[in-house]
2 protein chains.
Amino acid sequence: MPTPRKTRKFRYVSPFGPGMPAGLPVSAELLGGKGAGLARMSRIGLPVPPGFTITTEACTAFSATGRFPAGLEAEVKRAVARLGEAMGRRFGDPKDPLLVSVRSGARVSMPGMMDTVLNLGLNEETVAGLAAASGNERFAWDSYRRFVFMYSDVVLGLSEDECPFEAIFRKHKKRLGVELDTEVGAEDLKKVVAECLALVRKSTGKPFPTDPWEQLWGAIRAVFQSWDNDRAIAYRRMHGFPDDWGTAVNVQTMVFGNLGEDSGTGVAFTRNPATGEKEFYGEYLMNAQGEDVVAGIRTPHPIEDMKKEWPRLYRELEKVRRTLEDNFRDMQDLEFTIQQGRLYILQTRNGKRTGLAAVRIATDLVREKRLSKEEALLKIEPDGVTQLLSPVFQGKEKEKALKAGRLLARGLNAGPGAATGRVVFTAAAAEEWARRGEQVILARQETSPDDIRGMKAAEGILTQHGGMTSHAALVARQMGKVCVAGCGELEILPGRKRLRAGRRVLREGDWISLDGTTGEVLEGRIDTRPSDLLRVISGKAKPSRNGDDARFRQIMRWADSVRKLRVRANADQPDQARTAVALGAEGIGLCRTEHMFFGEKKLPAMQRMILAETPADRRRALRKILPLQRRDFEGLFKAMGSRPVTIRTLDPPLHEFLPHTEKDARALAKTLELPLKEVKARIEALHESNPMLGFRGCRLTWLVPEILEVQATAIFEAAANVRKKGVKVQPEIMIPLVGHHAELRSHEQVVRRIAEEVMKRKKIRFPYLVGTMIEVPRAALTADEIAGVAEFFSFGTNDLTQTTLAVSRDDAGAFLPSYVDRGVYERDPFATIDREGVGKLMRTAVEQARKTRPDIKLGICGEHGGDPSSIEFCHQLDLAYVSCSPYRIPVARLAAAQAALRD
Amino acid sequence: MPTPRKTRKFRYVSPFGPGMPAGLPVSAELLGGKGAGLARMSRIGLPVPPGFTITTEACTAFSATGRFPAGLEAEVKRAVARLGEAMGRRFGDPKDPLLVSVRSGARVSMPGMMDTVLNLGLNEETVAGLAAASGNERFAWDSYRRFVFMYSDVVLGLSEDECPFEAIFRKHKKRLGVELDTEVGAEDLKKVVAECLALVRKSTGKPFPTDPWEQLWGAIRAVFQSWDNDRAIAYRRMHGFPDDWGTAVNVQTMVFGNLGEDSGTGVAFTRNPATGEKEFYGEYLMNAQGEDVVAGIRTPHPIEDMKKEWPRLYRELEKVRRTLEDNFRDMQDLEFTIQQGRLYILQTRNGKRTGLAAVRIATDLVREKRLSKEEALLKIEPDGVTQLLSPVFQGKEKEKALKAGRLLARGLNAGPGAATGRVVFTAAAAEEWARRGEQVILARQETSPDDIRGMKAAEGILTQHGGMTSHAALVARQMGKVCVAGCGELEILPGRKRLRAGRRVLREGDWISLDGTTGEVLEGRIDTRPSDLLRVISGKAKPSRNGDDARFRQIMRWADSVRKLRVRANADQPDQARTAVALGAEGIGLCRTEHMFFGEKKLPAMQRMILAETPADRRRALRKILPLQRRDFEGLFKAMGSRPVTIRTLDPPLHEFLPHTEKDARALAKTLELPLKEVKARIEALHESNPMLGFRGCRLTWLVPEILEVQATAIFEAAANVRKKGVKVQPEIMIPLVGHHAELRSHEQVVRRIAEEVMKRKKIRFPYLVGTMIEVPRAALTADEIAGVAEFFSFGTNDLTQTTLAVSRDDAGAFLPSYVDRGVYERDPFATIDREGVGKLMRTAVEQARKTRPDIKLGICGEHGGDPSSIEFCHQLDLAYVSCSPYRIPVARLAAAQAALRD
C-alpha cells in the first residue's frame with residue numbers, strides 16, 4: 001500500500017503556487033528573500049507561476065560536505081513532478097516540455113551570487129516539442145538560444161572571452177544584415193545554437209548537458225557553489241554576514257508573454273507613483289517579454305487601454321491590485337505576464353514613489369484605516385520629502401518660452417519638478433561640469449546603472465527611449481530628480497555631443513529646461529523658483545486646492561508628535577532663518593560667521609587686520625567691522641525669536657580673505673597703502689600645504705584673540721539690543737576646531753569677559769552658552785576633559801570624517817567613489833555617518849562627556865544632520881538635536897520620527 | 001617654671017639648618033620640593049643657611065578659610081627667634097638685623113606661584129644697621145633697593161606699568177652717566193629708594209610696610225594667595241594636580257657673597273660635567289652675588305684656583321662634595337656662598353651632564369659600588385647618548401684650517417663635538433635658515449630662554465659672554481649641541497648681523513666652524529664626520545684608549561639585559577642598515593620604498609607609468625624598475641641577515657614623482673614623447689588641496705595595483721635570491737594608510753598571490769608577514785577588524801598625530817609652538833606621543849587588535865620610536881618593538897631599559 005501523499009512531508013523543499021502542496025513556514029531565513037516573497041503571494045491566492053524553493057539549510061549542508069544532503073534529490077524529484085501536474089506538462093517531455101527558471105535567493109541580495117537561468121529543460125528534442133506546442137518555431141529556438149547562453153555563462157562558467165557567443169550571434173546578424181535579435185529567424189537561430197554548442201564541447205571537452213535533470217542539478221549545484229565564491233565571501237566579510245546563512249534556490253515554471261497576441265507582459269503600480277493618486281497605473285505590451293518593456297525597445301500601452309482591449313484580464317488585474325494592497329498595506333509595484341490568456345504575477349514589491357506620492361499615499365492609507373499613523377510615517381522615504389520642496393519655473397517664464405516657440409519636444413513626465421541647465425551627454429561630463437559649479441541636464445538615449453553618479457550631479461535627466469518604469473524614470477524618482485523620459489521626438493547623439501529636435505540642434509553646454517511634471521522639454525534657460533508647497537508653508541502663497549500642503553503638514557505633525565530629536569537649521573542669513581522656521585526649525589544649530597567678514601566694507605578692514613603688525617592695529621581695523629556684524633546678528637536674532645542660535649566663531653584660514661591673483665594683490669596694496677612686496681610676502685607666509693589641518697578655527701583666535709573679541713562683542717551687543725525690544729534670544733557661542741580643553745578654556749574666558757562687559761555696559765543680563773564643535777578626533781577622545789569647560793558639543797562630522805578617515809573631501813574624488821562602488825563603505829561616508837569609524841568616536845565622546853557633565857547639550861551640525869541614516873544614529877546616541885540645511889528640515893523631522901518609532 | 005623647649009613641638013613649621021631645632025619628617029608632600037631639599041641637606045650636616053619651612057597644610061588651611069590656621073603665628077615667631085639665635089642676630093634689630101628670603105615651594109614647581117623676595121626685614125632703620133654691621137653703606141642700600149623692588153612687585157602686586165621702578169633706576173643711571181647697577185653709589189641709591197617708596201604710597205594709598213613682621217606676614221600671605229591665582233589654577237587644571245596640595249613657604253636667613261674680599265659665591269659640579277671625569281669642577285667669584293656669575297658680567301675663576309687662594313674654604317668644599325656624593329649617590333651641581341669667610345651651601349641637585357659624562361659617571365658609580373647597574377641605567381638621560389655619536393671634524397681638515405690661519409678665537413668648550421654651518425645672529429633666523437635646509441651656527445652675545453628653539457635648530461651655539469654654567473652652556477649640553485661659550489675675543493653684533501674677530505668680519509650666512517671639545521672657533525666650512533665611538537662600534541676604527549667605547553658598550557649590555565622592547569631601525573639603504581646593526585638594531589621596522597622609484601633609470605619609468613593609460617602600459621613601464629628594485633632589496637636583506645625587515649609599500653602621492661616647473665615638464669614631455677599639454681594636464685589633475693589626506697598610500701595601490709605587484713615581485717624575488725645564498729631573510733610587507741579592513745584585505749590578496757607565484761617559480765619557500773601601518777584614526781578605532789587580516793601593526797605615529805590632532809606638521813609652525821610654550825601640550829606632540837589623545841587611540845587599537853589576534857606583532861615606526869617618553873609609553877602598551885633612526889638606537893635601547901626598570 002503506497003504511503004498517502006500528505007504524510008510525505010518536505011524538509012528541504014518548499015512548494016508554492018497554484019496546484020502545489022503547502023510549503024514550509026514563510027521565513028526569509030529559510031527560504032531567502034525571493035522565496036519568502038513568492039510563498040507569501042502564493043498564500044494569498046495570487047496566480048504566481050508554480051514552483052518550489054530549496055531551503056538555505058540544504059545549502060548549508062552542501063557547503064559543509066560538498067554533497068547534496070540526503071533526501072534532497074527525492075524531494076526535488078517529487079516537487080518537479082507536482083509542478084508538471086500543476087501545469088499539465090512534464091519536465092523533459094519531448095512533446096510539450098515543462099521549462100523552469102532557476103534563481104539564487106539569499107536572505108539579502110548579495111553580489112557574486114549566481115544569476116538567473118531561464119528556459120531550463122530545453123535540448124534538441126524538447127525544443128522541437130516547444131515549437132510544436134507553441135506553434136512558434138522561432139520562439140522555441142530563441143528560447144533555446146537564450147538558455148544555452150545563460151547556462152554556459154552562469155553554470156558552466158564560460159566567459160565571453162572563452163566562448164564568444166555574443167560575437168557569434170552578432171556575426172550572424174551581420175551576415176543577415178539585421179540589427180535586432182527578433183529579426184533572426186528560426187533557421188538562423190538553429191545555426192547560432194549549433195555553433196555555440198560545438199564551442200562549448202571544444203572549450204570544456206564535454207558536450208553541453210542535454211538531459212534536463214542534469215541541467216537542473218547542475219544549476220542547483222552552481223547556486224550552492226556561488227555561496228562560497230570569492231566575491232560572495234568577501235562581501236559577507238565586509239558586511240559581517242555569517243557564512244552559515246546559506247542561499248536558497250528558487251525553481252519556477254517558465255511563463256511566456258511572447259507566445260502570440262493573447263500573451264503579453266506588463267508592470268503596474270497599485271496607485272500613481274508620481275502623484276500618489278488612487279488610480280491603477282502601469283503599462284503593458286502584448287506578445288512581448290518583460291525585458292522588452294524594461295529595455296524600452298518597444299513603447300508599451302497605458303494600463304487603461306487594457307480595460308477596453310482585454311476586459312477580463314483587466315478585471316483580474318484589478319482584483320490582484322486590491323488583494324495586494326489589502327495584504328501588503330502599501331502601494332505595490334507588480335510585474336505580470338499573460339501566457340495565452342492566463343495571468344501570472346511574477347513579482348510584487350513596495351513601489352518606489354515620488355515624495356509627493358509618498359505623502360499622499362501615507363495619509364490616504366491612514367484615512368482608509370489600512371495603516372496607523374506610526375506605520376504611515378515609516379512608509380515615507382524621508383529623502384523623498386525634499387521633492388515637495390523642489391523648484392518650479394519662475395513666474396510666467398515657461399509660458400513665454402512656449403509662446404516663443406522654444407518647445408523642443410514632449411516626453412513622459414517621469415520625475416516631477418522644474419530644472420534648467422546646460423545639456424551634457426555623458427554621466428562623466430555631468431559630473432565634471434557639476435564639479436565646476438555648472439547646472440547640468442543629462443541627456444541620454446537611455447540610462448544604465450553606470451550613469452548613476454552623473455544623474456546625481458545633474459539637475460534633471462532627459463532620455464530618448466524608455467517608459468515610466470525605465471531605469472532613468474525609476475532612479476530619477478528615487479533621487480527626487482526632475483526627469484523627462486522616452487522623449488522619442490528627440491534624437492540624442494552622445495557620440496557627437498548633440499541633441500536634434502527636428503531641424504534644431506543643441507550642442508554640449510547649450511541651455512535646456514525640463515518640466516518633469518508635464519514632460520515638456522524647452523530650449524534655453526528658464527530660471528526656477530521654490531516649490532508652491534514651500535511658498536505656502538513660508539506664508540508666501542495661499543494653501544493649494546489639491547491639499548498637498550495640508551497633507552504635508554499632517555505628516556509633519558505626526559512626525560513631531562513621535563520624534564525625540566529636535567531639529568535645527570544651518571543658517572546664517574535672516575531669510576534663510578525665516579525659511580528654516582517655516583519648515584519647522586527649532587533653532588539654529590550652525591551659524592557660520594565667515595561671510596560676515598566679506599562684503600564691500602568688511603573685507604578691506606579684515607585684510608587690513610590680517611596685514612597689521614600689532615594687536616592694537618588689529619583691533620583698530622576690526623573696530624570698523626563691529627557695527628556691521630552687530631547688525632547682521634540683530635537680523636538673525638530677530639528672525640529666530642526666542643529660539644536658540646548657535647554661532648560658530650571664525651573658522652577658515654586667513655588666506656581665504658587675501659587675494660589669489662597678482663592683480664588683486666596689487667589692488668589690495670594700493671587700497672591699504674602698503675608696499676606690494678609686503679602684501680605678497682604675507683600671502684606667501686600664509687600659504688599652507690594642508691590648509692584643512694592648518695592655521696584656522698580656534699588656532700587662529702588663540703593667537704589673534706582680537707577677532708574673537710570683536711565677534712563676541714557684536715554677538716552680545718546685538719543680543720542686548722534685540723532683548724531690549726523683547727526678543728528673548730539665546731545665543732550659544734561655539735568654538736571650532738578645538739582639540740584640547742585648554743584651547744576651549746582660553747576662548748571661554750575671552751567670551752565670558754566680553755559678555756560681562758557688554759551686559760554691564762548695556763545694563764541687561766541674559767543667559768548664553770559657551771561650547772564647542774567636536775570635529776577633531778582628539779576632542780572626541782578627550783571629551784571628558786573638554787566637557788569640563790563646554791556647556792554644549794556639536795559634532796562637526798564633515799571635518800571629523802575627514803580627519804578620522806584621513807580623507808580630504810576636496811581630493812577624495814580620485815579614490816573615494818571606488819570605495820563606495822566596491823562596497824568598502826556602504827554609502828559615501830561624507831553623506832552618511834561611517835558608524836564603525838566616525839560613529840565609534842562619536843559614541844566615545846558622548847559617553848565621556850556625560851561622565852563629566854551629565855546634562856551636556858549634544859547636537860550635530862555637519863551635513864550628516866540632514867541624512868536619515870545619520871539621524872537615526874544620532875537618535876541612538878540620544879543627542880538633543882540635529883541641524884541641517886533649511887530645505888532638509890522636513891526630511892530630518894520625518895527621519896527623527898522614524899528613528900524614534902524603530903527604537 | 002617655663003615649659004622645657006623640646007616639648008613645644010612644631011606642627012606647621014619645620015626648621016632646618018645649623019643651630020635650628022629638628023624639623024618635621026622630610027617629605028615633598030608636606031614641605032614642598034624646595035623645603036624637602038633644604039631639610040635633607042640640613043640632615044646630612046651641610047652648612048645650609050638656617051631657616052624654616054611653613055608646611056603645605058598651613059596653605060591648605062589658609063585656602064579653605066582665608067585665614068592663617070590657629071597656632072601658625074606663634075610657631076613662626078618661635079622659629080624666627082631660633083633663627084636669630086642661630087645667626088647671632090635679631091629680626092628687625094636696627095643695629096645688626098637678621099634678614100631673610102621668602103620663597104614659595106610647591107610639591108612640583110609651577111608657573112604662577114610667587115617669586116622670591118630677598119632681603120626681607122629691611123627698612124629705614126635696619127638698613128642703617130646693616131650698613132654699620134657690614135661696614136658697607138652701598139651694599140646695604142643696594143640690598144634695600146632690591147628688597148623694595150621685589151616686594152612691591154611680588155607681594156604688593158605693583159607692575160612696572162603702575163610703579164616704573166626700573167625706569168626710575170635707569171633715569172638715575174642716565175643722570176649719573178653710568179651703565180652698571182654697581183656703579184651707583186649709596187647716596188644715589190637712597191634717592192632711588194625714596195622715590196620708589198613715595199610712588200608706592202601714591203599708587204596704593206598706603207605707605208610701604210616698614211615693620212619687618214608686617215613684611216614677613218605679607219610675604220607669607222602672598223605665597224598662600226598665589227596658590228589660588230588664575231594662572232596657578234589653570235596650570236593645575238591642565239595637569240590634573242589637585243587643589244588641596246597647597247604650597248609650602250620657605251623662610252631662610254640671607255647670606256651675602258658681596259660683603260667684601262672674604263665673601264664670594266660659586267657653582268660647582270662634583271665631577272666634570274663635560275667628560276664625567278672624577279674631578280672637582282666649577283667656578284667662583286669673590287665679592288660677588290650669585291646672579292653676577294650666572295649673568296656672565298664678570299668672568300669667574302676655576303675652582304682649582306681656590307685651592308691656592310682659599311685653601312681652608314677649598315677643603316670645606318671638598319668635604320661637602322664627598323658628603324653630597326655619598327648621600328645623593330650621583331654627580332651634584334651645587335651653589336655656594338661664602339659670607340665673610342663662612343661657607344654656606346644654598347642648593348644642590350643632580351648635575352646636568354653631557355652624554356659622554358653620563359656614561360662615564362654611571363659606569364664609575366657602579367665600579368665605586370655607589371650604585372647598582374639598574375640604578376646607574378636610570379641615571380643616564382637617554383637623549384644624551386646621541387652626543388657620543390655626534391660628529392667630529394673630518395680628517396685633518398681642522399688642522400689644515402688652523403695652519404691656514406683660520407682660527408678666529410678661543411672660547412669655553414661648553415658643549416663637545418664638531419659643528420659647521422652658516423652663521424646667524426637671532427634664534428628666529430636660525431629657525432628660518434634651518435627650515436630652508438641650511439646648516440646654521442647660532443651666534444649670540446648670551447642666550448636666554450627665548451632662544452631655545454633657535455638653539456635647537458642650530459648645529460652649534462657660540463656666545464660672547466657667559467661661562468661654563470651660563471644659560472647657553474647648560475642648555476647646549478642638555479640638547480647635546482656643540483657649544484663654544486664666553487668667547488670674549490669675539491664681538492657679536494646681532495643688530496648689524498655681524499661678528500667681528502679682530503679685523504675679520506663675518507656676515508650672516510658666512511660659514512663658520514666650532515670645536516666644542518676644544519673651544520676653538522674657525523672661519524669657513526670644515527666638514528664633519530661621525531664620532532670616533534661610532535667608528536669604533538661600526539668596526540671602522542680600533543677601540544679607543546680612553547675607554548669611552550668600552551663604557552658605552554657596558555651601558556648598552558646592561559640596558560639589553562633588562563629591556564623588554566626590541567629595537568629596530570628605520571632604514572632603507574644597505575649602509576644605513578649596517579650602521580643600525582652596529583648600533584644594536586634587531587631588525588628594520590620601516591623601510592620606506594619611495595626612493596626606490598627615484599634615480600636615473602627608475603624615475604623616467606615611474607613617470608611613464610603615471611602617464612600611462614592602461615594597466616598593461618603601466619605594467620610595461622614598471623617592468624623596467626623591477627630588476628633595479630630587486631637589487632635594492634637584495635642589498636638591504638644581505639645587510640640585515642636573518643633579522644626581520646619591514647617594508648612599507650609605496651606611500652607618497654604620485655605628484656611627488658612629476659616635475660614641478662614648466663621647464664621640467666617640457667623635458668619630461670620630450671623624454672616620453674608625449675604632448676606637453678597632456679603632461680601638464682596630468683600634473684594639474686594630480687594636484688591636491690590637502691595632499692596629506694589625499695590620493696596616496698594604499699589608496700593609490702588600491703586603484704593602481706600594478707605598483708604593488710612590482711614591489712611585491714621585487715621583494716619576494718630578492719628574498720628568494722638571498723635565501724638561496726643562505727641569508728634567512730624575513731620580509732614583512734607593510735601596507736600604509738589603511739583605514740578600512742577591506743583595503744588591507746585587497747592588498748593582502750595581491751601580496752600573497754605574488755608571493756606564491758615567486759616561490760613557485762623560484763622553487764623555494766620561506767615565511768613572510770603581511771601587516772599594516774596604523775596611522776589613520778579609523779584604523780585604530782577598527783583595529784579588531786583590521787587585525788583579522790593583519791599579522792602585524794606598526795603605529796605610524798607621525799601621521800596618526802597629524803590626523804588625531806588635525807594638525808598638519810608642515811603648517812604647524814604658525815601655531816603649535818605657542819601651544820607648547822603655553823603648556824597646552826607639555827612637549828611637542830610630534831616629538832613625544834600625546835598620551836591623552838593619540839595615546840588613547842593607540843591603547844584602543846592595541847586592546848581591540850589583541851581581542852581578534854592575541855599574538856599580533858605590534859610595533860611603532862613613527863619618529864616617536866626614538867623618543868624616551870614615547871618609548872616608555874610603548875613599553876606600557878606592551879608593544880613588541882620600537883623602530884627609530886639608526887643614530888637613535890642606543891637612546892631607544894637605554895630608554896626601553898629604563899621603562900622596564902620603572903615598570
Side-chain angles (χ1 to χ4, degrees), chain A residues 230 234 237-238 240 653 685-695 697 699-700 702-703 737 739-743 745-746 749 775-782 785 788 799 802-816 818-819 822-825 834 836-838 840-841 844, chain B residues 230 234 237-238 240 685-695 697 699-700 702-703 737 739-743 745-746 749 775-782 785 788 799-800 802-816 818-819 822-825 834 836-838 840-841 844:
Chain A
D230 290 347
R237 293 275 177 289
M238 195 145 347
L686 286 171
H687 173 81
E688 295 186 307
S689 306
N690 298 290
M692 159 72 208
L693 308 179
F695 186 38
R699 295 165 193 171
L700 200 56
W702 163 269
L703 284 182
L737 214 69
H740 194 290
H741 61 97
E743 288 175 307
R745 176 71 73 190
S746 131
Q749 285 167 350
E775 53 186 337
V776 170
R778 193 183 192 283
L781 292 163
T782 59
E785 291 176 342
D799 278 8
Q802 296 199 76
T803 47
T804 305
L805 272 58
V807 169
S808 161
R809 200 177 177 171
D810 292 336
D811 305 312
F815 54 92
L816 195 62
S818 82
Y819 280 76
R822 296 201 214 168
V824 173
Y825 293 105
D834 155 40
E836 285 71 39
V838 177
K840 207 162 177 182
L841 213 44
T844 301
Chain B
D230 290 346
R237 292 278 175 288
M238 195 147 346
L686 287 172
H687 174 81
E688 295 187 304
S689 306
N690 297 290
M692 158 72 205
L693 308 178
F695 187 38
R699 295 165 192 174
L700 199 59
W702 162 269
L703 285 182
L737 214 68
H740 193 291
H741 61 95
E743 286 174 307
R745 175 71 71 188
S746 131
Q749 285 167 351
E775 51 186 338
V776 170
R778 195 184 192 283
L781 292 163
T782 60
E785 293 176 340
D799 277 7
L800 193 61
Q802 297 201 79
T803 47
T804 305
L805 272 58
V807 169
S808 160
R809 197 173 181 175
D810 291 336
D811 306 311
F815 53 93
L816 197 60
S818 83
Y819 280 75
R822 295 200 215 167
V824 172
Y825 293 105
D834 156 40
E836 285 72 37
V838 176
K840 207 163 175 182
L841 213 44
T844 301

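Letters A, B, ... are given to chains in the order of the sequence lines, protein chains preceding strands, and every chain is numbered from 1.
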Query - Matching residue for A:Leu693 among B:Leu693, B:Asp811, B:Leu805 - test: side chain to side chain contact (heavy atoms under 4.5 Å, CB included) - result: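 Exactly one candidate clears the test, B:Leu693.
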
Query - All side chain to side chain contact (heavy atoms under 4.5 Å, CB included) counterparts of A:Pro691, not counting sequence neighbours - result: A:His655, A:Glu688, B:Asn690

Query raised in the report: For chain B, which of A:Gly694, A:Ala685, A:Pro777 has the most heavy-atom pairs under 4.5 Å?
Result: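 Ranked by heavy-atom pairs under 4.5 Å with chain B, first place is A:Pro777.
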
Query - Expected output: side-chain B:His740 to main-chain A:Tyr825 donor-acceptor under 3.5 Å - result: no

Query raised in the report: With no hydrogens and no angle check, is any side-chain donor or acceptor of A:Asp810 less than 3.5 Å from a backbone partner on B:Ser689?
Result: no

**Report entry** Straight-line distance of B:Met692 CE to A:Met692 CE, nearest 0.5 Å
**Finding:**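 B:Met692 CE to A:Met692 CE: 10.5 Å, rounded to 0.5 Å.
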
Requested in this report: Classify the ring geometry between A:Phe815 and B:Phe695 as parallel (under 30°), tilted (30 to 60°) or perpendicular (over 60°).
Outcome: parallel

Requested in this report: Quick one: sort the B:Tyr819 and A:Trp702 rings into parallel, tilted or perpendicular, breaks at 30° and 60°.
Outcome: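 Aromatic pair B:Tyr819/A:Trp702 classed parallel.
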
**Report entry** Counterpart residues, side-chain hydrogen bond (donor to acceptor under 3.5 Å, both in side chains), relative to A:Glu775 (two or more places apart)
**Finding:**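 A:Glu775 satisfies side-chain hydrogen bond (donor to acceptor under 3.5 Å, both in side chains) with no residue once adjacent residues are dropped.
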
**Report entry** Options B:Val838, B:Leu737, B:Thr844, B:Asp834, ranked by heavy-atom pairs under 4.5 Å with chain A, top entry
**Finding:**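 If we count pairs closer than 4.5 Å to chain A, B:Asp834 comes out on top.
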
**Report entry** Contact winner vs chain A - B:Thr782, B:Asp230, B:Asp799, B:Val807, heavy-atom pairs under 4.5 Å
**Finding:**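 Maximum pair count with chain A is reached by B:Val807.
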
Query raised in the report: Does any non-hydrogen side-chain atom of A:Lys840 lie less than 4.5 Å from one of B:Arg778?
Result: no

Shortest non-hydrogen contact from [X] toward [Y]:
X	Y	value
A:Leu703	B:Ser818	CD2-OG, 3.5 Å
B:Ala806	A:Thr803	CB-CG2, 3.7 Å
A:Gly837	B:Leu781	O-CD1, 3.4 Å

Query raised in the report: At a heavy-atom separation under 4.5 Å, does B:Ala812 approach chain A through its side chain, its backbone, both, or neither?
Result: neither

